[in-house]
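Structure record follows, encoded as structure tokens.
Chain letters run A, B, ... following the sequence lines, proteins first, then strands; residues in each count from 1.
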Amino acid sequence: MANLPILQFEEKIVETVEKNPVVVIIGETGSGKSTQLSQILHRRGYTKSGVIAVTQPRRVAAVSVARRVAQELDVNLGEDVGYAIRFEDRTSSKTRIKYLTDGVLLRESLSNPMLDDYSVIILDEAHERSLNTDILLGLMKRLVRIRSSNFKVLITSATLDGDKVSEFFSGCPVLNVPGKLYPVEILYSKERPGSYIESSLNVAIDIHVREPEGDILIFMTGQDDIEKLVAKLEDKVRSIAEGSCMDAIIYPLHGSLPPEMQVRVFSPPPPNCRRFIVTTNIAETSLTVDGVVYVIDSGYVKQRQYNPSSGMYSLDVIQISKVQANQRAGRAGRTRPGKCYRLYPLAVFRDDFLDATVPEIQRTSLAGSVLYLKSLDLPDIDILKFDFLDAPSSESLEDALKQLYLIDAIDENGAITSIGRTMSGLPLEPSLSRTLIEANENGCLSQALTVVAMLSAETTLLPGRSKPNEKKRKHEESNLPDGSGFGDHIQLLQIFECWDRNNYDTQWCKENDLQVRGMVFVRDVRKQLCQIMQKLSRDRLEVGARGRKGSGRDGDYRKLRKALCVGNANQIAERMLRHNGYRTLTFKPHLMEVHPSSVLSTDNEGMMPNYVVFHELISTTRPFMRNVCAIEMSWVAPIKKKIEKLDVRKLSGGGSASSVKEHGEKTEVSENKSEETPAVSENVESRIEAARERFLARRKGQK
DNA sequence: GAGCACTGC
């Protein structure tokens, strides 16, 4: 601790914080900023007037840093030093230094907008620019203006972003704290390789044969490429003559790997053995692997983006930013001087790479955040002009408003409704919180709680891809319920009910190919939602997961599906005549299909339901709806009326009611009703036709 | 008949 670089800057930091309400700290890796800044200010008396809060983008970080600081101060965790993350609050009235995720701080500010328990708020890792951090930055800017002068905000950032943050906070001072990294030599390729898998392979083997010991960390974009490269590396390493160089172990590392496979990289290698770790950008920030001396950087990353005009997500391989490239290179210099092989030329880095990663706020749906800001009721803040470090596009904000309007969270003038207020108290995306509220009124809350909890953990439920033949076998043997033909939401409900009947047995999860971690998370979420709903409702609610009462004759799940329809009024698709392609009611027309993994079934003619709600639109090889549920036309009618009335300019608080209402939005929607949708090509039609025939053939075969 | 970067309330 004594040799942490940041401690040499203690006087300078204290002096600057004393004189300024906001200070930006550029703290390189290993500077000790996450553990020391709070302690320095604690020593200097800043905890006398309030608690020092330090936010982290990740839960594990909040916990581990808090634990570390408690150790250094020799106090019990949860007393003077504590942490708060979802499901776990380890703080007490004694707590002076509190580590928390930025999501938790946003929740706190909902019930206490002045955040006046805190004398200092440190936004750590702000350069990662998570959606939550960006909203907090905006809120902090407002807070320092309206709270007394002894309230302090510290923001830690990356070298390339510091001036921008300082400018945002009216030119506040920027302090540089050097890190404890060893120098890393950067080597550029002469040109972009045709295949970065091949190129990585060659570079890695070259290092292995020529360079002294030290592990190699290779950044790829995804599981597929990682598996390919791992296989090639194993081949090559085996073909190298025994004894001509040291041994080698090759590890893949990515998020869908089971935890026990992920932690293998933390155990030290056998002697005289070099480790090759082929990773996604999980090793860029979330996981730190010791012993790495060589980094190979493909220069690419896979990123999820949202298109507000189509309501569609896509997962694209894109070029990394300079900040990311430097972060990756830094992974080579943690234990001794290292080398970073960039598989792209210096000119590309210098001229093509963005300085910083496009912040999440500019590539995600903002419905939840806009509702959050609306619910804060800040008198001096206009939602569409909210002071963001990087503003989202007006298109994206308008999309959020439209969505919120359709699910009754805001009225036609853009003002938050009482439903919207209730929704913002639930830690869910808006469509899910709306579903819960509707379900509560329809008497199917218990089922909805389960569906919503399952959906918010959906990606962590199923294990990573298995080998094709192995998977086929498992699929056929699956004893899991099938949604009774109504679709994926119903299946998710039935799966959880099964698990409940099996007394939450972890073995049952394993037997049914469900990730234990994911299911346990669902249970936690469900429990948390139950508690919140109980608080909101004066009556005692029926929330048992088994839901035997009242659901006996409800074999068609009508109440639940209707609640889902209301909650997903912004995500309804209408089937086109004569084939199983769909289009949304609210977005620019695109042909979409039900994702093949869906359990939604067709009728006797092989046709899908006329109307479905979907949880997500994702464009991969084609646009797909993931997680769909059959709904009825009569439920959709009132929503269609509402869509016709929709007037975005009024929602965003501009223009008067009648004068604005012309074509624009309206024509777009009514055009959708014609049978010919622009995005439908013959090619797609015939593909769907073919799919339908295949389906019918398969069904006949089964009978 | 398709396919999953990473977080978080």
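Evaluation of the salt bridge (charged side-chain N to carboxylate O under 4.0 Å, His left out) rule for A:Asp124 yields A:Lys33 as partners, not counting sequence neighbours. Taking the salt bridge (charged side-chain N to carboxylate O under 4.0 Å, His left out) definition, one finds that A:Asp134 meets it with A:Arg129, sequence neighbours left out.
For A:Arg58, taking side-chain heavy atoms from C-beta onward, the closest of the listed nucleotides B:dC9, B:dA2, B:dT7 is B:dT7. Side chain of A:Ser286, nearest nucleotide from B:dT7, B:dC9, B:dC4: B:dT7. For A:His595, the side-chain atoms get nearest to B:dA2 when compared with the rest of B:dT7, B:dA5, B:dA2. Taking the side chain of A:Thr101 as heavy atoms from C-beta on, and the options B:dG8, B:dT7, B:dA5, the nearest nucleotide is B:dG8. Here B:dT7 is the nucleotide among B:dA2, B:dA5, B:dT7 with the atom lying nearest to any side-chain atom of A:Ile282. Candidate nucleotides B:dA2, B:dC9, B:dC4 were compared by shortest atom distance to the side chain of A:Arg622, and B:dA2 ranks first. The A:Gln223 side chain lies nearest to B:dC4 when the options are B:dC9, B:dC4, B:dA2.
When rounded to the nearest whole Å, the span between OH of A:Tyr99 and C1' of B:dG8 equals 20 Å. Rounded to an integer number of Å, the gap from A:Glu125 CD to B:dG8 C1' is 15 Å. For A:Tyr306 and B:dC6, the OH to C1' distance is 20 Å, given to the nearest whole Å. If you take CD of A:Gln324 and C1' of B:dA5, they are 10 Å apart, rounded to a whole angstrom. A:Asp488 has its CG atom 13 Å from the C1' atom of B:dA2, to the nearest Å. What separates CD1 of A:Ile135 from P of B:dC9 is a distance of 14 Å, to the nearest Å. B:dC4 atom C1' lies 13 Å from atom CG of A:Asp225, rounded to whole Å. A straight line from CZ of A:Arg107 to P of B:dG8 spans 15 Å, rounded to a whole angstrom.
Each of A:Phe521 and A:Asn281 was assigned the nucleotide of DNA chain B with the nearest heavy atom; the assignment lying further toward the 5' end belongs to A:Asn281.
A:Arg331 and A:Thr288 form a side-chain donor-acceptor contact under 3.5 Å, judged by distance and modelled atom types alone. A side-chain N or O of A:Asp316 and one of A:Ser314 form a donor-acceptor pair less than 3.5 Å apart.
Residue contacts shown for A:Val104 are limited to sugar-phosphate atoms, with no base heavy atom under 4.0 Å away. Using a 4.0 Å heavy-atom criterion, one finds that A:Ile85 contacts the sugar-phosphate atoms exclusively.
For A:Thr280, a side-chain nitrogen or oxygen approaches OP1 or OP2 of B:dC6 to under 4.0 Å. For the pair A:Arg59 and B:dC9, the criterion of a side-chain N or O lying under 4.0 Å from OP1 or OP2 is met.
A:His595 and A:Phe624 have perpendicular rings, their planes meeting at more than 60° on a 0 to 90° scale where under 30° would count as parallel.
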